[in-house]
Amino acid sequence: MPELPEVETIRRIVEQELVSQSVAEVLVRLPKLLRTSPIPTLEPLIDQTLVAARRRAKILLLDFSADQTLMMHLKLAGQVAVVHADGRRFVAGHPVPDPSGPLPHKSTHVEFRFSSGSILYVSDLRQFGWFRLMPLCEVERALAEFNFGPEAVGTDSISLSQLQDRLARRSIPIKITLLDQSVLAGLGNIYVDEALHRAKIHPATPANSVPASALPGLLDGIHWALDEGIAQGGAKIVHNKAYPVNGFPEVHGRRGEPCPVCGAVIEKIRVGARGTYFCPTCQPAKS
DNA sequence: TGCGTTGTTTCACC
DNA sequence: CGGTGAAACAACGC
């Protein structure tokens, strides 16, 4: 489920492995992925050079020569793979199908074949993702329509006072507020659970009831969760079960397992309409 | 087989 | 206008 860490991992792979390469051929097996695209096909990318790979919130932006930018959203189940002519492979995003299995596979919908022989495969088991091709000059306006808040991590990421201001106006659960991309951009269901556990805040606490004294810890928790996710190249969650690496994730996808901090049994509840994992001892409901 | 799944949008309503 | 809550939607695997 590509959230910020998965998308950032993909961005880094594309940047390191494909920038400055030229597109020889593009295959689109599932044209509906382009149904909201200003330019309805990817044909204009043929013979162009990949110039840069950028990210805003969970959106990946690939800039090509001749001022064309491809915006991609991977939604729930997008997976991106780069395979070089010598067989070296780099994969990130959704862990299903098996990233080390055959490519292309049943849910591989788009292929970019570069003149070097490297291939970029985009797969999407759920087919919820989308591609939008547009001139570079229209990217800023297209991004503005999403009303994204400040980035959750990185340079220019949200400040403590910005976070405080934004939470003060919300009475809905802190978890739902943090998932709102107009409040801050990048958190999804996995990492928000991790951030709140780290900060010892119950996920159903009204956002404006989180004490100011807890906000520095919350911001640290957000950064910790996302940085850890990026460091691992994304978390592996399959059918609501986590496959932790070095103990991360600590709670998400781990119902019934002991909390790594206190040993209490991790519970799963619903907050808003979201499956939510937390430790009832570390994150007590506010009395 | 109907349910669960998530990011996002839309809608009615206060 | 802005916040809220609920519903809808995309499509698939179990």
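Just so it is clear: chains get the letters A, B, ... in the order the sequence lines come, proteins before strands, and each one is counted from 1. From a predicted model like this one, the values you see are computed outputs, not experimental measurements.
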Would you tabulate the pairs of protein nitrogen or oxygen atoms and nucleotide nitrogen or oxygen atoms of nucleotides 12-14 of chain B closer than 3.5 angstrom?
none

Checklist entry - Who pairs with A/S118 by side-chain hydrogen bond (donor to acceptor under 3.5 Å, both in side chains), at least two apart in sequence or on another chain? => result A/H84, A/S116
Checklist outcome for this item: Heavy-atom contacts, protein to nucleotides 3-9 of chain C, under 4.0 Å, summarised as B (base), S (sugar-phosphate only) or - (none) per nt, yield SSS----
Can you name the atoms? Protein N/O to nucleotides 12-14 of chain C N/O, anything below 3.5 Å, with the distance.
residue, atom, partner, partner atom, Å
C/dC12, OP1, A/Q127, NE2, 2.5
C/dC12, O2, A/R126, NH1, 3.4

Checklist entry - Bend across the helix from B/dG2-C/dC14 to B/dC14-C/dG2, to 10°, with axes taken over 5 pairs at each end? => result 40°
Item to check | Residues which pass ring pair (Phe, Tyr, Trp, His ring centres under 6.0 Å) with A/F248, listed by chain and number, not counting sequence neighbours | outcome: A/W224
Item to check | A/R170: partners by salt bridge (charged side-chain N to carboxylate O under 4.0 Å, His left out), with sequence neighbours left out | outcome: A/D180
Checklist outcome for this item: Residue set satisfying side-chain hydrogen bond (donor to acceptor under 3.5 Å, both in side chains) with A/Q162, at least two apart, ordered chain then number -> A/S159
Item to check | Below 4.0 Å: OP1/OP2 of B/dT8 and any side-chain N or O of A/K58 | outcome: yes
Next on the checklist: If you compare every side-chain N and O of A/H73 against the phosphate oxygens of B/dG7 (OP1, OP2), does one of them come in below 4.0 Å?
Outcome noted: no
Checklist entry - Base, sugar-phosphate, or nothing for A/K175, non-hydrogen atoms under 4.0 angstrom? => result nothing
Checklist entry - Partners of A/R88 by salt bridge (charged side-chain N to carboxylate O under 4.0 Å, His left out), sequence neighbours excluded? => result A/D86
Checklist outcome for this item: In short, salt bridge (charged side-chain N to carboxylate O under 4.0 Å, His left out) pairs touching residues 256-271 of chain A with sequence neighbours left out are A/R254-A/E257
Next on the checklist: Listing request: all side chain to side chain donor-acceptor pair (under 3.5 Å) pairs with a residue in residues 122-139 of chain A, at least two apart in sequence or in separate chains.
Outcome noted: A/K32-A/Q127, A/T36-A/R132, A/H105-A/S123, A/T108-A/S123
Item to check | Residues which pass ring pair (Phe, Tyr, Trp, His ring centres under 6.0 Å) with A/F131, listed by chain and number, not counting sequence neighbours | outcome: none
